Amino acid sequence: MKEQKVTLELAVEHGLTEGEYEEIKGILGRDPNYTELGIFSVMWSEHCSYKSSIAELKKLPKKGKHILSGAGEENAGLVDIGDGIAVAFKIESHNHPSAIEPYQGAATGVGGIMRDIFTMGARPIASLNSLRFGPLDSAKNRYLLDGVVRGIGDYGNCMGVPTVAGEICFDPHYEGNPLINAMTVGIVRHKNTASAIAKGEGNSVMLLGSSTGRDGIHGATFASVELSEKSEEKRPAVQVGDPFTEKLLLEAVLELTKLNLLIGMQDMGAAGIICSSAEMAEKGGVGMEIDLSKVPLREKGMIPYEILLSESQERMLLVVRKGKDREVLKIAGKWGLNCVKIGKVVIGTELKFKMKGYEGATIPAESLVLGGGAPVYHRESRQPEYIEKLREFDVNDIEVPDDLESTFLKLLASSNIASKRWIYRQYDSTVQSNTIHGPGQADAAVIRIKEAPNKAIALKTDGNGRYTYINPRKGGMIAVAESARNVVCTGAKPLAITNCLNFGNPEDPEVFWTFKEAVAGIGDACNVLETPVTGGNVSFYNENPEGAIFPTPVIGMLGLIEDLAHVRQSGFVDEGDFIILLGNLGGCIGGSEYLNLIHGKVEGDIPNIDLEYEKMVQDSVLEGIRQGVIKSAHDISDGGLAIALAECCIAGGNNLGANIVISRKIRDDELLFGETQSAIIVTISESDLMRIEEVSGKFQTPCETIGKVSGNSLSINSFFDITVSKLKKIYESALPDLLERRLR
């Protein structure tokens with residue numbers, strides 16, 4: 001293959017603008033060659049450079065007393081949990097690859113985020129996910145769901161990392177552009193943490209792991225454009241994963257880190273060798289000289305352009321301490337991995353790539369990286385016209401259903417509320433024997449920390465695209481507040497978040513306005529709830545020929561449980577316990593699952609949220625748990641009060657029901673199905689009624705007894721009285737039944 005002559009037209013084909021092409025010529029002081037053009041095209045792509053989002057992301061809170069490594073500092077966030085132990089965690093998207101090759105797209109998404117964690121020197125102990133698909137009445141969406149679930153399960157199971165929590169949503173706005181967000185969490189002792197940095201003139205630069213092929217070339221560029229009917233032609237931009245090699249890579253990397261043989265390391269994800277070398281060199285203020293003829297290849301005839309841009313999986317770039325090359329090679333051999341010296345660290349700040357028979361590439365490292373020379377855009381923003389129209393919704397324009405029982409059961413069986421057991425049973429959630437609460441057992445996953453035997457962490461992913469579509473700022477706030485509320489219900493104090501921001505084309509002023517507003521809402525909530533942002537991912541251009549997805553910020557929340565005695569579940573525990581509502585029951589049905597499913601409307605403003613009040617509700621629940629007063633806790637969210645109570649009955653696993661008597665001066669459907677914020681259902685012993693009032697009073701939180709745990713059916717006022725066994729059957733069988741009917 002001959003390298004092409006570089007022209008403006010070729011630069012535009014690579015996704016660069018005329019202005020960016022001129023800027024590149026200014027940086028180099030000459031025209032770029034073909035390899036250099038490819039380098040700039042991937043490194044200045046939206047996926048790598050965050051050129052449309054970085055100005056807004058800088059406004060998010062990043063500092064906190066528990067934060068060891070914040071957003072943009074390393075491959076993942078690092079949070080101190082005491083006893084010399086830190087938690088590394090991060091969430092990222094793999095949306096476009098999964099849309100055209102769901103199995104490999106999802107699998108390599110999981111593999112990539114795991115590498116971000118063990119590159120920090122941390123052993124992965126848990127995985128989570130957040131998934132969005134179009135409706136299941138489409139064969140294409142069922143195909144995507146099946147491939148994604150198998151990809152997540154197979155990669156995680158082979159790695160021996162449990163998948164412990166997640167969320168999934170089905171909506172027409174994700175038709176053709178599913179969202180596949182993967183999160184991994186790891187544990188590391190402070191003394192064993194690693195950094196993605198290059199230092200030390202003459203130190204060896206080594207490549208560890210798989211050979212390099214042509215899979216994934218221009219994957220970062222592909223992720224920075226809208227999907228179209230021609231997207232199937234981009235299959236070569238989808239990487240191919242090998243979890244068995246990644247498992248060996250994991251063990252080798254952790255051994256190298258513990259033996260202090262490395263200056264730094266960086267995994268090769270988006271943009272492969274060029275991205276890892278540029279980021280490490282820029283961070284250390286050094287240059288590198290790389291001989292691409294030394295890179296192990298699995299395909300013949302690869303040129304520098306392809307070698308540098310390949311996103312072949314399961315590879316690491318290492319900068320090795322002086323005199324330690326042999327020891328590194330020995331450990332690599334022990335684990336059966338390729339490990340070759342491909343270059344060295346040099347004085348200066350330039351990256352120099354050579355390969356016999358080809359023109360090389362010489363580029364300043366800083367010019368390529370986020371926060372360095374990569375362009376930063378301040379996009380035009382404009383509030384969409386549709387928002388005001390949606391908020392004109394008047395609840396009196398719809399009728400209260402005549403049959404509230406059948407409405408309730410229809411909601412319970414909806415694909416967005418019903419049990420996702422069919423999905424998560426395909427994941428190993430107990431491997432490593434740390435899982436206290438896995439999928440379906442509590443409001444968040446709870447994972448034991450073996451290095452600190454009496455501690456655990458709580459983990460949750462959360463987001464609501466419909467909310468953010470209607471009110472982006474409140475949607476961003478609620479995503480953070482609900483994920484925090486979920487970990488609080490397990491007995492954990494929220495510490496920090498990672499986020500995955502999934503939006504449409506940022507060059508559309510209306511799309512960019514929703515992005516700015518959602519980010520501002522996330523920042524507002526993080527400031528009040530004291531959960532700084534440790535990093536994450538922005539995924540733009542999530543559009544198909546029919547239009548953009550719902551704007552969907554997904555929050556990954558980390559919480560800490562200092563004492564295992566404080567771990568709580570969501571299900572009812574004991575017959576005769578009092579059921580208490582902490583917080584207010586507002587009854588808002590704007591943007592609710594009820595309004596969408598039963599009335600076919602995505603309208604109205606979403607529930608109001610007062611962040612200071614939210615913090616008081618969460619603090620009162622935490623205090624009640626720590627005092628041993630609260631036995632179980634579950635927040636009110638999708639489907640409202642009725643669905644939350646049904647989930648408490650089902651999750652208990654003991655066939656316990658509840659007798660609820662509650663009144664409000666609102667409509668019956670608002671009472672039952674309104675998705676109010678800052679409201680948590682807890683249970684206590686009768687003897688602790690005074691104590692729960694004292695706790696709630698301390699934090700000025702409303703506290704109301706609404707019923708008792710009793711019998712084996714759920715009754716709410718005179719609306720309905722349904723056995724728990726019937727509720728469980730509907731809840732557990734709805735998704736499998738739906739898939740079976742569609743597959744016939």
Side-chain angles (χ1 to χ4, degrees), residues 46-64 67 70-73 77 90-93 95 130 132 179 181 183 223-224 370-371 374-384 387 461-484 494 496-543 548-557 591 606 609 611 614 677:
E46 192 70 59
H47 188 76
C48 289
S49 74
Y50 286 22
K51 56 190 175 186
S52 295
S53 61
I54 188 64
E56 299 304 317
L57 298 179
K58 285 181 177 179
K59 300 174 185 177
L60 292 170
K62 302 177 180 66
K63 302 295 182 182
I67 306 301
E73 295 177 15
K90 189 180 181 184
I91 189 170
E92 281 196 345
S93 64
N95 302 336
S130 176
R132 305 285 192 282
L179 302 185
N181 295 177
M183 175 174 164
S224 304
L370 180 153
V376 175
Y377 294 124
H378 298 270
R379 301 287 189 189
E380 180 187 352
S381 64
R382 180 179 65 248
Q383 178 175 319
I387 285 183
T461 55
D462 229 315
N464 190 317
R466 191 163 59 234
Y467 277 11
T468 312
Y469 172 72
I470 294 172
N471 191 320
R473 189 156 192 147
K474 276 202 289 188
M477 291 180 191
I478 288 173
V480 176
E482 184 167 351
S483 59
I497 74 162
T498 178
N499 58 51
C500 200
L501 308 176
N502 307 273
F503 289 79
N505 187 337
E507 297 162 57
D508 180 331
E510 294 188 351
V511 168
F512 197 68
W513 183 86
T514 64
F515 173 77
K516 286 179 64 175
E517 286 291 294
V519 170
I522 290 169
D524 292 343
C526 288
N527 279 319
V528 174
L529 300 179
E530 300 174 344
T531 54
V533 181
T534 62
N537 175 232
V538 177
S539 176
F540 279 135
Y541 298 98
N542 288 291
E543 306 204 9
I549 61 162
F550 275 150
T552 310
V554 173
I555 303 300
M557 180 66 71
I606 62 176
I609 181 164
L611 293 169
E614 172 76 33
Q677 293 297 300

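Since this is a predicted model, take the numbers as computed values, not measurements.
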Could you walk me through whether Asn537 and Asn181 pass the side chain to side chain contact (heavy atoms under 4.5 Å, CB included) test, one step at a time? CA-CA 9 Å; Asn537 175 232; Asn181 295 177; 5.9 Å; no
For Thr514 and Pro472, which heavy atoms make the closest approach, and how far apart are they? O-CB, 3.6 Å
Close side-chain approach of Phe515 and Val538, heavy atoms under 4.5 Å: yes
Going by distance alone, is a donor N or O of one side chain under 3.5 Å from an acceptor N or O of the other, for Arg132 and Ser130? yes
Output for pair (Phe503 CZ, Glu543 CD), nearest 0.5 Å, gives 12.5 Å
Can you tell me how far the CE atom of Met183 sits from the OG1 atom of Thr498, to the nearest 0.5 Å? 6.5 Å
Can a donor-acceptor pair be found, under 3.5 Å and without considering hydrogens, that links the side chain of Thr552 to the backbone of Phe550? yes
Got a donor-acceptor contact below 3.5 angstrom from the Ser93 side chain to the Asn95 backbone? no
Hey, could you give me the NZ/CD1 distance between Lys63 and Ile67, rounded to the nearest 0.5 Å? 9.5 Å
Whether the side chain of Asn505 engages the backbone of Glu507 through a donor-acceptor N/O pair (distance < 3.5 Å, no angle test) should be reported. yes
To the nearest 0.5 Å, what is the distance between CG on Leu611 and CE on Met477? 5.5 Å
What distance separates Glu56 CD from Arg379 CZ, expressed to the nearest 0.5 Å? 12.0 Å
Any side-chain heavy atom of Val511 within less than 4.5 Å of one from Pro506? no
Test item: Tyr541 and Glu46 side chains (from C-beta on) under 4.5 Å apart, heavy atoms: yes
Heavy-atom pair of closest approach, residues Arg382 and Trp513: O-CB, 3.3 Å
If I compare all heavy atoms of Val533 with all of Cys526, which pair ends up nearest, and what's the gap? CG2-SG, 4.0 Å
Audit row: Ile497, Thr534, side chain to side chain contact (heavy atoms under 4.5 Å, CB included) steps and yes/no: CA-CA 6 Å; Ile497 74 162; Thr534 62; over 6 Å; no
Supply the atom-to-atom distance Ser53 OG to Tyr377 OH, rounded to the nearest 0.5 angstrom. 13.0 Å
Would you indicate whether the side-chain heavy atoms of Val480 and Thr531 approach each other to under 4.5 Å? yes
Looking at every heavy atom in both Ala479 and Asp462, which two are closest together, and how far apart are they? O-CB, 4.1 Å
Can a donor-acceptor pair be found between the side chains of Asn542 and Ser539 at a distance below 3.5 Å? yes
If you compare all heavy atoms of Lys90 against all heavy atoms of Gly536, which two are closest, and at what distance to 0.1 Å? CE-O, 3.6 Å
List the steps, then state whether side chain to side chain contact (heavy atoms under 4.5 Å, CB included) holds for Tyr467 with Lys474. CA-CA 8 Å; Tyr467 277 11; Lys474 276 202 289 188; over 6 Å; no
Among Asn464, Ile606, Asn471, Ile555, whose side-chain contact (heavy atoms from CB on, under 4.5 Å) with Ile478 holds? Ile606
Apply side chain to side chain contact (heavy atoms under 4.5 Å, CB included) to the pair Val519 and Leu60, showing each step before the final yes or no. CA-CA 8 Å; Val519 170; Leu60 292 170; 3.8 Å; yes
When every non-hydrogen atom of Lys62 is compared with those of Lys59, the smallest separation belongs to NZ-N, 4.3 Å
